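So the structure is just underneath, and the comments pick up after that.
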Amino acid sequence: MKKLLESLEQQTIFDFQWLIIDDGSTDGTKEWFDQLDKALYSFKIDYYYKKNGGKHTALNYSHQFIKGKYIVIVDSDDRLVDNAVETILTYWRKYESDSQIGGITFQRGELRNHRKFDDKIVGVKESTFSAMTNEGMSGDHCETFRTSLFRQRNFPVFRDEKFVAEAAMWYFITRNYHVIYVDDVVYLAEYLDGGLTKSGRSLRISNPRGSRWHARAFLNSDFNFRIRIKKFPFV
């Protein structure tokens, strides 16, 4: 969390709200924010604590507190490049009057060398989530959405399950809209080759209903046969 805050302090512009939804942490995060002097920072900081339910429930809970027109989700262990906010807002200002654009997706890069997670995004391209998935787009990206669209949908919540993968929700949010895909790294994270796959498989097994919901989103006609057959074992 401290590294993320440092990256926010280094932004080239500060016209943003940092909204933190603490999903029942027990690592001292609440105490740290209680002692944080928010007046020292050039951007708005809002912190809210909730009972642990999984990241998807924290995203649902965030709807009521978002103050900006656009949202970007950043995990506490990750960070943004120095001009991330400026880059994101520059693109949104270019497309904000186009009501057909529901989201703008940027690249994630490795913390150590900024190497891109995905090589399927080239230049700037207007497309759809399903079309890009059919073309082979995979891995993590930095999705940004209009707040008005993000608030329209909630992740499903299943009793005794605390994980629902996010990709299906990004599809549902922008299903009736186009997305701008930008080959710029604005988000930095640790890339765990192999470990991420193993972790994801374990999470799907231990959260079966959430996994079925996620898989079923990819079985409709928007996706090609290759994508549908890949998701079939988890339905």
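Only this structure's heavy atoms are used, side chains among them; waters, hydrogens and symmetry mates stay out. This structure is a prediction, so every number in the text was calculated from the model and none was measured.
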Residues Asp15, Val85; criterion side-chain contact (heavy atoms from CB on, under 4.5 Å); working and verdict
CA-CA 8 Å; Asp15 184 19; Val85 174; 5.9 Å; no

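- At least one cation-pi condition fails for Arg209 and Phe158: the charged atom is not both under 6.0 angstrom from the six-membered ring centre and inside a 45 degree cone around its axis.
- Panel note: side chain Asp119, backbone Lys116; no donor-acceptor pair is recorded below 3.5 Å.
- The shortest heavy-atom contact between Ser62 and Phe150 is OG-CE2, 3.7 Å.
- With hydrophobic clusters built from ILVMFWY side chains whose heavy atoms lie under 4.5 angstrom apart, Val185 shares a cluster with Leu111.
- Checked by atom type and distance alone, the side chain of Gln17 never pairs as donor or acceptor with a backbone atom of Lys44 at under 3.5 Å.
- In this structure, Arg108 contributes its side chain and Ala189 its backbone to no donor-acceptor pair below 3.5 Å.
- Ionic pairing of Asp183 and Lys125 is not present here: no N-O contact between side-chain nitrogen and carboxylate oxygen is shorter than 4.0 angstrom.
- Contact check on Glu96 versus Lys69 returns a salt bridge, with a Lys/Arg side-chain nitrogen under 4.0 Å from an Asp/Glu carboxylate oxygen.
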Report the C-alpha separation of Asp46 and Lys38 in whole Å, then their side-chain angles, then the decisive distance to 0.1 Å, and conclude whether the salt bridge (Lys or Arg N to Asp or Glu O under 4.0 Å) test is met.
CA-CA 9 Å; Asp46 292 314; Lys38 301 177 181 63; over 6 Å; no

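- Counting only distance, with no hydrogens or angles, the side chain of Gln11 and the backbone of Ser7 share a donor-acceptor pair below 3.5 Å.
- A donor-acceptor contact shorter than 3.5 Å links the side chain of Thr147 to the backbone of Gly68.
- Within the 4.5 Å cutoff, the side chain of Ile227 has heavy atoms near those of the Thr133 side chain.
- A salt bridge links Lys55 to Asp75: at least one charged side-chain nitrogen sits closer than 4.0 Å to a carboxylate oxygen.
- Note: Asp82 CG to Glu9 CD = 11.5 Å, rounded to the nearest 0.5 Å.
- Of the inter-residue distances, the one linking Ser148 atom OG with Ile66 atom CD1 reads 10.5 Å to the nearest 0.5 angstrom.
- Atom NZ of Lys3 sits in a sparse spot, with 12 or fewer heavy atoms from other residues, nucleotides or ligands closer than 6.0 Å.
- Using a distance-only test at 3.5 Å, with no hydrogens or angles considered, a donor-acceptor pair links the side chain of His141 to the main chain of Gly139.
- In this view, Phe43 and Phe16, Tyr41 satisfy the ring-ring contact (aromatic ring centres under 6.0 Å, His included) rule, not counting sequence neighbours.
- Ion pairing of Glu86 with Arg93 is absent here, as no side-chain N (NZ or NE/NH1/NH2) approaches a carboxylate O to less than 4.0 Å.
- The ring of Trp32 has its center no closer than 6.0 angstrom to the ring center of Tyr47.
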The test is side-chain contact (heavy atoms from CB on, under 4.5 Å); show your working for Val179 and Thr128 and say whether it passes.
CA-CA 5 Å; Val179 178; Thr128 64; 5.9 Å; no

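- Using a 4.5 Å cut-off on side-chain heavy atoms (C-beta onward), Met132 and Thr105 make no contact.
- What you find for Ala217 and Phe172 is that their closest heavy atoms are CB-CZ, 3.6 Å.
- In this structure, a donor-acceptor pair under 3.5 Å is absent between the side chains of Tyr181 and Asp118.
- Contact of the Phe106 side chain with the Ile88 side chain is registered, since non-hydrogen atoms from C-beta on lie closer than 4.5 Å.
- With contacts defined as side-chain heavy-atom distances shorter than 4.5 Å, the pair Gln152/Ile173 does not qualify.
- Separating the NE2 atom in His56 from the NE2 atom in His214 is a distance of 12.5 Å, to the nearest 0.5 Å.
- Here the CG atom belonging to Leu80 is positioned 6.5 Å from the SG atom belonging to Cys142, to the nearest 0.5 angstrom.
- Atom-to-atom distance recorded for Leu40:CG and Ile45:CD1 is 9.0 Å, nearest 0.5 angstrom.
- For the pair Asp222 and Arg175, the salt-bridge criterion is met [side-chain N within less than 4.0 Å of a carboxylate O].
- Contact between Ile104 and Val182 at its shortest, heavy atoms only, is CG2-CG2, 3.9 Å.
- Ser25 and Asp22 share a side-chain donor-acceptor pair at under 3.5 Å.
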Would you sort out whether Phe129 and Glu143 count as a side-chain contact (heavy atoms from CB on, under 4.5 Å), showing the intermediate values?
CA-CA 11 Å; Phe129 179 91; Glu143 295 86 359; 5.7 Å; no

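- The ring of Trp170 has its center closer than 6.0 angstrom to the ring center of Phe145.
- For the ring-ring contact (aromatic ring centres under 6.0 Å, His included) test, residues two or more places apart in sequence or in another chain that qualify with Trp18 are Phe33.
- One distance of note links CD1 of Ile73 with CG of Leu19; it measures 10.5 Å at 0.5 Å rounding.
- The ring pair (Phe, Tyr, Trp, His ring centres under 6.0 Å) analysis of residues 66-88, with sequence neighbours excluded, yields the pairs Tyr70-Trp92.
- Side-chain atoms of Lys162 and Asn207 include no donor-acceptor pair closer than 3.5 Å.
- Closest heavy-atom contact between Phe117 and Gly109: CE1-C, 3.5 Å.
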Using side-chain contact (heavy atoms from CB on, under 4.5 Å), reason through Thr144 and Tyr187 one step at a time and then give a plain yes or no.
CA-CA 11 Å; Thr144 73; Tyr187 185 120; over 6 Å; no

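- Linking Ile, Leu, Val, Met, Phe, Trp and Tyr residues whenever their side-chain heavy atoms come within less than 4.5 Å places Ile71 and Ile21 in a single cluster.
- Using a 4.5 Å heavy-atom cutoff, the side chains of Phe155 and Thr57 are not in contact.
- Heavy atoms only, all atoms of each residue included: Glu110 and Asn113 are closest at CB-OD1, 3.3 Å.
- Here the two rings, on Tyr48 and Phe65, have centers that are under 6.0 Å apart.
- Judged by distance alone, the side chain of Glu126 and the main-chain N or O of Ile180 form no donor-acceptor pair under 3.5 Å.
- The two residues Ser211 and Leu203 make their nearest non-hydrogen contact at OG-O, 4.4 Å.
- In this structure, Arg79 contributes its side chain and Leu188 its backbone to no donor-acceptor pair below 3.5 Å.
- Side chain of Thr174 to backbone of Tyr177: no donor-acceptor contact under 3.5 angstrom is found.
- Side chain of Arg228 to main chain of Phe223: a donor-acceptor pair is present (N/O by atom type, distance under 3.5 Å, no hydrogens or angles).
- Salt bridge Lys50/Asp23: present, at least one basic N to carboxylate O contact under 4.0 Å.
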